[in-house]
Amino acid sequence: MKITLEGKTGIILGVANKRSIAWACASSLAREGMRLAFTYIGERMEKSVRALAEECPGSIVLPCDVTKPEEIDATFEAVGEEFGHLDTVVHAVAFAKKEELEGDFYHTSKEGYMLAHEVSAYSLTAVTRRALPLMEGRNGSIVTLSYLGGDRVVPNYNVMGIAKAALEASVRYLAADLGPRGIRVNAISAGPVRTLAASGISGFNSMLDAIEERSPMKRNITADEVGDTCLFLSSELSRGITGTTLYVDAGYHIMGF
Ligand code: IMJ
């Protein structure tokens with residue numbers, strides 16, 4: 001099968017800078033001809049996202065704080081006006097307060113728990129609902145990003161692990177809802193990558209070393225490898241796959257030690 005994304009459109013939520021996994025996803029999709037909408041939060045992100053969007057012909061850039069329903073509404077209204085339809089959603093959004101990503105999990109505050117879930121898990125459902133009218137009848141694909149900390153205990157990942165478990169469960173329920181309409185929903189569980197979301201995490205270096213030592217492929221993964229998996233999940237090549245989590249982790253998750 002010859003694949004092309006020419007004439008298709010997508011929205012990417014979660015690009016912060018050139019090192020973002022979301023940017024690698026965008027690059028892979030744009031390379032095959034997809035026209036993209038990028039979203040950002042705040043002025044600092046706007047600058048760097050606009051600079052990156054320049055590299056993607058025909059792309060647009062929109063503000064979208066996923067905790068604000070009216071902002072999500074406005075984002076998809078603008079996408080509808082600009083593109084008329086939507087084939088792919090890439091959800092690469094997560095946030096927990098810094099103090100929740102260190103020490104023991106049992107210290108997690110109610111506010112910290114709620115915020116992490118609102119931004120990192122509920123937002124997939126909130127975004128999917130608004131994307132739906134634009135995706136109807138086009139056999140589209142929704143892709144979100146997860147991490148092994150959602151199924152195993154990873155030191156310091158804490159409340160984000162609980163949120164990723166909720167995110168992956170959301171993928172299954174959304175896939176069941178949307179399958180009859182031809183829309184697929186999947187997650188990519190990516191191995192650790194040096195991004196803004198991984199900066200300042202204590203023990204990150206030794207984690208990369210451990211993966212190099214223990215993973216079947218004896219190496220870490222790159223954001224580009226996640227980007228190309230996102231391309232696969234967005235294309236007709238993956239037309240029989242929905243509701244699942246694909247591990248792009250050099251095989252690390254299969255090991256018992
Ligand atoms: C994040 C925290 C603890 C351990 C971690 C991570 N490991 C990895 C990550 C081992 C790989 C990165 N990751 C998979 C994430 O999902 C990160 C989410 C995140 C990161 C931050 C940092 C800055 C901040 N809030 C955050 N919220 C979510 O203030």
Side-chain angles (χ1 to χ4, degrees), residues 12-25 39-42 44-45 48 64-67 90-124 143-171 187-215 217 219-227 229-230 245-253 255:
I12 323 275
L13 303 97
V15 176
N17 58 40
K18 212 167 178 73
R19 288 191 305 176
S20 298
I21 292 176
W23 171 241
C25 294
T39 72
Y40 66 88
I41 341 176
R44 197 153 18 109
M45 298 285 186
S48 70
C64 188
D65 178 339
V66 294
T67 67
V90 180
H91 172 276
V93 181
F95 186 78
K97 287 193 263 182
K98 205 159 173 40
E99 61 265 32
E100 309 286 5
L101 299 174
E102 55 197 20
D104 286 333
F105 167 68
Y106 73 81
H107 290 301
T108 303
S109 69
K110 182 177 177 185
E111 299 74 50
Y113 189 102
M114 301 306 257
L115 178 64
H117 282 71
E118 181 182 23
V119 177
S120 316
Y122 179 69
S123 63
L124 177 69
V143 179
T144 189
L145 282 170
S146 193
Y147 174 61
L148 186 62
D151 18 54
R152 312 275 176 77
V153 174
V154 174
N156 302 315
Y157 202 59
N158 297 355
V159 72
M160 273 306 307
I162 319 305
K164 289 302 192 188
L167 179 71
E168 292 185 36
S170 304
V171 163
I188 297 171
S189 185
V193 177
R194 274 194 190 292
T195 64
L196 188 61
S199 65
I201 288 150
S202 67
F204 195 76
N205 284 338
S206 55
M207 182 156 306
L208 292 178
D209 291 346
I211 286 164
E212 215 173 291
E213 198 166 294
R214 295 183 202 164
S215 66
M217 297 176 74
R219 65 169 179 85
N220 281 282
I221 59 129
T222 63
D224 285 358
E225 291 170 337
V226 181
T229 302
C230 177
T245 300
L246 248 55
Y247 290 81
V248 180
D249 69 343
Y252 184 74
H253 74 285
M255 303 305 289

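Read the numbers this way: they start at 1 and go in the same order the structure lists the ligands and their atoms. Keep in mind that the numbers below use all heavy atoms, side chains included, and drop hydrogens, waters and symmetry copies.
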Considering only heavy atoms from C-beta outward, does the side chain of [X] approach that of [Y] to under 4.5 Å?
X	Y	answer
H107	E99	no
H91	V66	no
T67	F95	no
D151	E168	yes
T39	V93	no

Side chain or backbone of M207 under 4.0 Å from ligand 1, or both, or neither, by non-hydrogen atoms?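 Contact part for M207 vs ligand 1: side chain (C-beta onward).
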Region of F95 that comes within reach of ligand 1 [heavy atoms, distance under 4.0 Å]: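 It is both parts that get close, each with some atom under 4.0 Å.
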Note the single closest protein heavy atom to [atom], along with its residue, its atom name and the distance in Å.
atom	value
atom 18 (C) of ligand 1	A197 O, 4.1 Å
atom 21 (C) of ligand 1	L101 CD1, 3.6 Å
atom 27 (N) of ligand 1	A96 N, 2.9 Å
atom 5 (C) of ligand 1	Y157 CD1, 3.6 Å

Any nitrogen or oxygen of K97 lying under 3.5 Å from a nitrogen or oxygen in ligand 1? Just yes or no. no
Are any of the N/O atoms on A94, whether in the backbone or the side chain, positioned under 3.5 angstrom from an N/O atom of ligand 1?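 No, since none of the N or O atoms of A94 sits under 3.5 Å from an N or O of ligand 1.
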Is atom CZ of R44 surrounded by more than 12 heavy atoms (other residues, nucleotides or ligands) closer than 6.0 Å? no
If the plane angle is over 60° it's perpendicular, under 30° parallel, otherwise tilted; pick one for Y157 and Y147.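 Geometry flag for Y147 against Y157: perpendicular rings.
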Protein contact for atom 23 (C) of ligand 1 (heavy atom, distance under 4.0 Å):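 So far as the 4.0 Å threshold goes, atom 23 (C) of ligand 1 is out of reach of every protein heavy atom.
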Contact atoms of ligand 1, heavy-atom distance to I201 under 4.0 Å: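 Near I201, meaning under 4.0 Å from one of its heavy atoms, ligand 1 has 1 (C), 2 (C), 3 (C), 4 (C), 5 (C), 6 (C), 9 (C).
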